[in-house]
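By convention in this document, chain letters (A, B, ...) are assigned in the order of the sequence lines, proteins followed by strands, and residues within each chain are numbered from 1.
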Number of protein chains: 2
Amino acid sequence: MDRTEKAIKIDNMRSLCPIANALDIVGDKWTLLVMRDVFAGKRTYGEFQASPESIPTNILADRLKRLVGYGVLQKIPYQQRPVRNTYQLTDKGHSLAPVIREILQWGTKNIAGTAANIKMDL
Amino acid sequence: MDRTEKAIKIDNMRSLCPIANALDIVGDKWTLLVMRDVFAGKRTYGEFQASPESIPTNILADRLKRLVGYGVLQKIPYQQRPVRNTYQLTDKGHSLAPVIREILQWGTKNIAGTAANIKMDL
DNA sequence: AAATAGACTTGCAAATAAGAAGTGACTATC
DNA sequence: GATAGTCACTTCTTATTTGCAAGTCTATTT
């Protein structure tokens, strides 16, 4: 990891296993879908909401907050009056690319009727 | 994918995205932890239960049933009287190795205090 | 002044998870 | 041969999380 960046600190770790702890951050139905959208170039709340899976708005707000909290994304304003924000990848976020790439590959190969038609920076 | 194996068929797909569909199979707090154990050589219900994260027994039963249902694991008896089963990787299950490997790497690099001390066939 | 837009927040019912206890098949022990 | 023990679950109850609809807040556009 980039030495200027701090590692994520999780309290009440359920074990010392990196996989278990990673799953406590990204192991749910929506988090990696938001990350997929970020890797696909989406940046704003509205763009995430517009994705075909129709993430509930309260869940989206919660996931963005968590991802920012863990330092995987950063919230950066792109205009004042009214304030509008973008959510952008940090280095930690960027390093999730291989995880998403492998999930994409696994799904494409093993789940009938799926199509990887989004272009991503993976 | 091995051509002798059928692709997973999901009903009510939330989108055509391979990532979204893959997450509907493995995107939760426990499923990939069970898979980690399988890759670490664990085979029986009791061994999965004994892992340090203490998976609730009803959840374990549910996840094993789902994984078998999707053809990611197979339930194979290793003795009669009393019947005792093992859960073993199918080809579809085996092909999850890269996903787990990348999650393991990400967690190890980015989460403080984690240690990849289990040996896995990844 | 009223309507519109983007980014959320709130409230509540429904679904899922957690935790503890119980069951059934069989084996080993007293 | 009754009693205790093991393994692999199942059931029950409570707690937590999700999903959906509606509402709020700030600011702009008409």
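- Of the charged side-chain nitrogens involved, at least one lies within less than 4.0 Å of a carboxylate oxygen, so that A:E53 and A:R36 count as a salt-bridged pair.
- Proximity of B:K75 to the phosphate of D:dC9: a side-chain N or O atom is located under 4.0 Å from OP1 or OP2.
- Note on A:W30: every side-chain N or O is 4.0 Å or more away from OP1 and OP2 of D:dT17.
- Comparing B:N85 and A:D28 along DNA chain D, the residue whose closest nucleotide (by nearest heavy atom) sits nearer the 5' end is B:N85.
- Counting only heavy atoms from C-beta outward, the side chains of A:L16 and B:N117 never approach each other to under 4.5 Å.
- Taking the six-membered ring for Trp and thresholds of 30 and 60 degrees, A:H94 and A:F39 have ring planes more than 60 degrees apart, a perpendicular arrangement.
- Rounded to an integer number of Å, the gap from CD of A:Q49 to C1' of D:dC20 is 12 Å.
- When each of A:P82 and A:T57 is assigned the nucleotide of DNA chain D bearing its nearest heavy atom, the one mapping closer to the 5' terminus is A:T57.
- For the pair B:Q80 CD and D:dC7 P, the interatomic distance rounds to 18 Å; values are reported in whole Å.
- Remark: P of C:dG19 and CG of B:L60 are 14 Å apart, rounded to the nearest angstrom.
- Taking only side-chain nitrogens and oxygens, B:Y45 never comes nearer than 4.0 Å to OP1 or OP2 of D:dT10.
- Taking only side-chain nitrogens and oxygens, A:R63 comes nearer than 4.0 Å to OP1 or OP2 of D:dT18.
- The nearest whole Å value for the distance from the CD1 atom in A:I59 to the P atom in D:dA21 is 14 Å.
- Heavy atoms of B:F48 sit nowhere under 4.0 angstrom from any nucleic acid atom.
- The shortest distance between the side-chain N/O atoms of B:K29 and the OP1/OP2 oxygens of D:dT16 is not below 4.0 Å.
- For B:R101 and A:W106, the positive end is not near the middle of the six-membered ring at less than 6.0 Å and at most 45° from its axis.
- Contact check for A:I59 versus A:D62: no side-chain heavy atoms found under the 4.5 Å cut-off.
- To the nearest angstrom, C1' of C:dC26 lies 13 Å from OH of B:Y78.
- Distance CG (A:D62) to P (C:dA7): 18 Å, rounded to an integer number of Å.
- For the pair A:N58 CG and C:dA13 C1', the computed distance is 13 Å after rounding to whole Å.
- Nearest to the side-chain atoms of B:P56 among the listed nucleotides C:dG19, D:dC9, D:dG19 stands C:dG19.
- For the pair B:L67 CG and D:dC9 P, the computed distance is 13 Å after rounding to whole Å.
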